[in-house]
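What follows is a short report on a single structure.
Counting starts at 1 for both ligands and their atoms, following the listed order.
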Amino acid sequence: MSIKEELLHYHSPGNRYAYYPSAKSWKKSKPDAPFSFKGQASLYIHLPFCENLCTFCGCNIRISKRAEDHLDYIKALKAEWELLKASPQSGAFIEELKAHPLESLIFGGGTPSVLHPLAQEELLKFLQSELPHGIKDGLTEASPQSFTQEFQALCHELGIKRFSFGVQDFNEDITANVNRHQSLTDIERALSLLTPSDQAGIDLIWGLPHQKRETMREWRRPLKDYPLHWVSFYPLAKVGWLETYQNAFGDFTLPELPEKYALFEEGVDALTEANFEHFAFGHFISKDGGLFQAFKEKHLSRYVCGLFPHSLGDMVGLGVGALSHIGDYHTQNVKILDKYLHTLNTKGHSPLIKTHKMSEEEISFRGYIRDAVQRGILKADKISLFSPKEQELWFIPKADFLEISPYGRFFLKNILQRLEGK
Ligand code: SF4
């Protein structure tokens with residue numbers, strides 16, 4: 001069977017284990033002790049503003065370029081941070097975080113690069129005063145159209161040198177059909193602004209309306225020619241609450257599942273030909289880029305918006321809908337922007353809506369996920385969960401563990417689901 005047929009055979013709903021357990025299965029709990037700092041922490045800041053609504057998008061966004069909106073949002077971020085510092089739960093943790101260099105600073109969105117220059121200035125001042133020891137590594141999402149030298153300079157001042165561009169498809173008609181008006185010239189202009197010490201990656205989607213194997217063959221040249229360190233190749237996610245207006249800007253007829261997997265196969269061929277290696281869950285890394293060493297040394301890790309050459313430690317999330325993962329706790333902020341702003345800027349209250357304490361079982365399963373995704377290994381005694389054919393194709397037996405084969409890495413979700421008893 002081809003990889004397309006195999007993936008179709010193993011197709012299943014379920015998440016991509018970017019964090020565990022997924023927010024849907026969290027149980028409301030109250031923290032029973034203050035968070036303790038374990039020496040490594042990262043900060044994620046959600047910046048929700050975009051210039052246009054891409055009709056496939058399921059992110060938490062607001063279409064606005066107005067300085068007032070952006071400044072109001074930065075004000076709320078600062079208020080949220082002050083509340084975290086003052087909270088008996090997180091205060092000591094945040095003070096420790098501030099006393100160390102941050103493992104990583106991440107801007108996700110939305111489109112962080114559309115942030116108004118006045119809001120960029122405010123954000124810079126805030127982060128420089130609150131992170132006196134700087135950062136070890138940083139990543140921001142950006143769009144090729146809105147990426148400017150000014151935004152890049154802000155990132156450099158903070159120490160962010162990795163840029164993840166939302167491209168989705170190189171064919172202009174396909175992106176225009178989902179209300180994303182970008183050209184190869186936009187992408188090339190954005191990449192040309194990067195300095196030799198910067199690293200760039202892009203997001204691409206398989207399963208967009210009108211994508212065909214033939215249109216995806218156009219990907220081969222840019223994938224080979226552009227100086228990319230990674231490519232995140234995602235399936236188009238079905239976003240139920242968007243369906244009512246997805247046809248508003250263009251035809252949103254989706255390919256059937258077999259056709260969708262054919263598109264995936266075409267993308268994998270193009271990426272392989274351009275010297276990329278599949279890491280996990282559609283994340284590909286260039287064998288010529290800086291992340292490949294981390295991959296070989298088995299300390300490449302991933303977060304919802306990208307790959308990192310080291311572990312991120314605990315993650316503090318700031319902003320609307322942001323998630324934090326600290327020790328054995330997950331928390332989530334209110335997901336509606338107006339509520340987030342009102343809660344912080346008018347009432348002065350915390351925007352937290354949910355806290356989940358992981359059970360012993362969940363903590364142990366999180367270890368399996370880290371082993372499988374980051375280190376590409378599984379405990380040897382788990383082999384009996386898999387059929388003889390799966391054992392042969394997905395694993396390479398070692399003395400006292402199982403290594404997940406390059407082919408098996410395409411089936412990581414199935415492997416983890418099997419471990420989880422699903
Ligand atoms: S630019 Fe990105 S975040 Fe904004 S609407 Fe488009 S896909 Fe969504």
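- Within the 4.0 Å heavy-atom criterion, neither part of Glu51 lies near ligand 1.
- Contact between Glu6 and Phe411 at its shortest, heavy atoms only, is CB-CZ, 3.7 Å.
- Remark: ligand 1 atoms within the under-4.0 Å shell around heavy atoms of Cys57 are 3 (S), 5 (S), 7 (S), 8 (Fe).
- Considering all non-hydrogen atoms of both residues, Arg221 and Leu184 come closest at NH2-CD1, 3.7 Å.
- Which parts of ligand 1 touch Cys54 is read off a 4.0 Å heavy-atom cut-off, strictly below it: atoms 1 (S), 5 (S), 6 (Fe), 7 (S).
- Numbered from 1 in the order shown, with element, the atoms of ligand 1 that lie under 4.0 Å from a heavy atom of Phe56 read 7 (S).
- Distance from atom 2 (Fe) of ligand 1 to its nearest protein heavy atom, with residue and atom name: Arg180 NH1, 4.0 Å.
- At a cut-off of 3.5 Å, with distance as the only test, no side-chain donor of Asp72 or His70 sits close to an acceptor on the other residue.
- Remark: ligand 1 atoms within the under-4.0 Å shell around heavy atoms of Thr111 are 1 (S), 4 (Fe).
- Geometrically, Arg418 does not engage Trp394 in a cation-pi contact, judged by NZ or CZ lying under 6.0 Å from the ring centre and within 45° of the ring axis.
- Ligand-side atoms of ligand 1 in range of Ile61: 3 (S), 5 (S), range being under 4.0 angstrom from any heavy atom.
- Shown in contact with Gly110 at under 4.0 Å from a heavy atom are these atoms of ligand 1, numbered in order with element: 3 (S).
- A salt bridge links Arg66 to Glu68: at least one charged side-chain nitrogen sits closer than 4.0 Å to a carboxylate oxygen.
- Among Gly58, Cys59, Cys50, Ser146, the residue whose heavy atom lies closest to atom 4 (Fe) of ligand 1 is Cys50.
- In this structure, Glu266 pairs ionically with Arg220, as a charged nitrogen and a carboxylate oxygen lie closer than 4.0 Å.
- A salt bridge links Asp328 with Arg366: at least one charged nitrogen is closer than 4.0 Å to a carboxylate oxygen.
- Asn52 counts as a contact of ligand 1, since one of its heavy atoms falls under 4.0 Å from the ligand.
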